[in-house]
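Read the structure below first, then the notes.
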Amino acid sequence: MPELPEVETTLRGIEPHIINKKLEKVLIHNAKLRWPIPKQVKKLEGKTVVKLMRRAKYLQVFFDDGQSAVWHLGMSGSLRICSAFEERKKHDHVEWQFDQDTVLRYHDPRRFGALLWANLGEEPEQFDNLGPEPLPIYQETTEFSGEWLFERSRKKTSPIKTFIMDNKNVVGVGNIYANESLFHAGIKPNKPAGRVSKQKYMQLAECIQDVLAKAIKQGGSTLRDFVGGDGQPGYFQQELFVYGRTGEPCKVCGSKIKEEKIGQRSTFYCGRCQR
DNA sequence: CGTATCTCCTGCAAGC
DNA sequence: TGCTTGCAGGAGATAC
């Protein structure tokens, strides 16, 4: 399940293959993704890729006329480069053919992903309510910080885990990294966001950044569906301290990792290390 | 407005 | 073995 680091890894994986190349052919085998693929995407044929950027979990590809296509990998989506002669797999929904050795294929069994469209100087409306980037990769700075989270969270009664998974507060933190960040910050996931101290938010902001940066460094982690941009299986998987470790001993204190549902999502934590 | 729940989809695993 | 059921989850939609 691609989170921010996996999207960043995908971008870095495909960029060298498609930058400054002309898109010769667009094949849409199944336009029914999360939203129907806009027909403008077909008109990308003949245009050249000039830049790739990531915003939250969106991967934006700019062409030489200033227009852009925006991928979202959803739950099970992946982008990879392959040869034109490689047999298409089930759930390969979209192909961008640059040359015989350079075909970008979008694979997505669950079709929670999307391919969006943006005109020159515009962004998809999905970008409208996005909060700050946790890592200043595409800007020099980011307004994301412990202070930011603290101020945003005042009087919020929902659990801290739900709070950091809300794109309006910080983008790119999905279930795995939310669980891991909260463990490293020593915060119980169900603690109301408004009752977490400023000091704890300072720690949490740092942990979120560390966990994401580490995952990017390791090439993105994932559980089952991600395939790296170069077609390498994405099972790099950084060491997980709590996610999926129900009943196993905490790597810090040895007590059993607990599991419960928060906002319909599986949540893992150490009852001793997290308060 | 904030908060909680539902929803899309397919593959996999567990249970009978 | 073969069925049914439930679960995984990003994030928009919907309901209160």
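In what follows, chains carry the letters A, B, and so on, assigned in the order in which the sequence lines appear, proteins first and then strands, with residues in each chain numbered from 1. All values derive from a computational prediction rather than experimental measurement.
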Taking only side-chain nitrogens and oxygens of A:His91, does any of them come within less than 4.0 Å of OP1 or OP2 of B:dG11?
yes
For C:dG9 and A:Ser266 - does any side-chain N or O of the residue sit under 4.0 Å from the phosphate oxygens OP1/OP2?
yes
In terms of ring plane angle, is the pair A:Phe268 and A:Tyr243 parallel, tilted or perpendicular, where the classes change at 30° and 60°?
perpendicular
Under 4.0 Å between a side-chain nitrogen and a carboxylate oxygen: does that hold for A:Glu151 and A:Arg154?
no
Please report the distance, rounded to the nearest Å, between CD1 in A:Ile164 and C1' in C:dG9.
16 Å
For A:Lys89 and B:dT10, give me the distance from atom NZ to atom C1', rounded to whole Å.
17 Å
Starting at atom CD1 of A:Ile262, determine the distance to atom P of C:dC7, rounded to an integer number of angstrom.
17 Å
Output one line per pair: protein atom, nucleotide atom from nucleotides 10-12 of chain C, and distance, for all N/O pairs under 3.5 Å.
unit_1: C:dG10; atom_1: OP2; unit_2: A:Asn175; atom_2: N; d: 3.3
unit_1: C:dG10; atom_1: N7; unit_2: A:Arg265; atom_2: NH2; d: 2.8
unit_1: C:dG10; atom_1: O6; unit_2: A:Arg265; atom_2: NH2; d: 3.3
unit_1: C:dA11; atom_1: OP1; unit_2: A:His72; atom_2: NE2; d: 2.7
unit_1: C:dA11; atom_1: OP2; unit_2: A:Asn167; atom_2: ND2; d: 3.2
unit_1: C:dA11; atom_1: O4'; unit_2: A:Arg34; atom_2: NH1; d: 3.4
unit_1: C:dA11; atom_1: N6; unit_2: A:Arg265; atom_2: NH2; d: 2.9
unit_1: C:dG12; atom_1: O4'; unit_2: A:Arg34; atom_2: NH2; d: 2.8

Please produce a list of atom pairs where a protein N or O lies less than 3.5 Å from an N or O of nucleotides 1-5 of chain B.
unit_1: B:dT3; atom_1: OP1; unit_2: A:Thr157; atom_2: N; d: 2.7
unit_1: B:dT3; atom_1: OP1; unit_2: A:Thr157; atom_2: OG1; d: 2.9

Quiz item: cation-pi between A:Lys51 and A:Phe62, 6.0 Å / 45°
yes
Please report the distance, rounded to the nearest Å, between CG in A:Leu240 and C1' in C:dA8.
15 Å
Respond yes when some side-chain nitrogen or oxygen of A:Lys261 is under 4.0 Å from OP1 or OP2 of C:dA8, and no when none is.
yes
Please report the distance, rounded to the nearest Å, between CG in A:Asp108 and P in C:dA8.
19 Å
Interatomic distance where CG belongs to A:Leu73 and P belongs to B:dT10 [whole Å]:
18 Å
Would you classify A:Lys32 as touching base, sugar-phosphate or nothing, given that sugar-phosphate means primed atoms plus P, OP1 and OP2, and contacts are heavy atoms under 4.0 Å?
nothing
Quick note, ring pair (Phe, Tyr, Trp, His ring centres under 6.0 Å) partners involving residues 117-150 of chain A, not counting sequence neighbours, are A:Tyr58-A:Phe127
Any pair with a residue in residues 243-257 of chain A that passes salt bridge (Lys or Arg N to Asp or Glu O under 4.0 Å), sequence neighbours left out, goes on the list, sorted by first then second residue, please.
A:Glu239-A:Lys251, A:Arg245-A:Glu248
Once you measure the plane-to-plane angle for A:Trp71 and A:Trp96, does it fall in the parallel (<30°), tilted (30-60°) or perpendicular (>60°) bin?
tilted
Rounded (10°) bend between the five-pair end axes of the helix from B:dG2-C:dC16 to B:dC16-C:dG2
50°
Could you state the CZ-P distance from A:Arg110 to B:dT7, rounded to the nearest angstrom?
18 Å
Checking A:Ser68 against A:Gln60: is there a side-chain donor and acceptor pair closer than 3.5 Å?
yes
Is the phosphate of B:dG11, meaning OP1 or OP2, less than 4.0 Å from a side-chain N or O of A:Lys90?
yes
With a 3.5 Å cut-off and sequence neighbours excluded, list the donor-acceptor pairs that the side chains of residues 163-171 of chain A form with protein atoms.
unit_1: A:Asp166; atom_1: OD1; unit_2: A:Lys168; atom_2: N; d: 2.9
unit_1: A:Asn169; atom_1: OD1; unit_2: A:Arg152; atom_2: NE; d: 3.1
unit_1: A:Asn169; atom_1: OD1; unit_2: A:Arg152; atom_2: NH2; d: 3.0
unit_1: A:Asn169; atom_1: ND2; unit_2: A:Phe163; atom_2: O; d: 2.9

Are the charged groups of A:Glu123 and A:Arg55 less than 4.0 angstrom apart, N to O?
no
Looking at every non-hydrogen atom in both residues, tell me the closest pair between A:Lys47 and A:Phe63 and how far apart they are.
CB-CD2, 3.8 Å
Identify the residue among A:Lys258, A:Glu260, A:Lys188, A:Gln274 that makes a side chain to side chain donor-acceptor pair (under 3.5 Å) with A:Tyr269.
A:Glu260
Close side-chain approach of A:Leu52 and A:Ile18, heavy atoms under 4.5 Å
yes
Please determine whether a side-chain nitrogen or oxygen atom of A:Arg111 lies at a distance below 4.0 Å from atom OP1 or OP2 of B:dT10.
yes
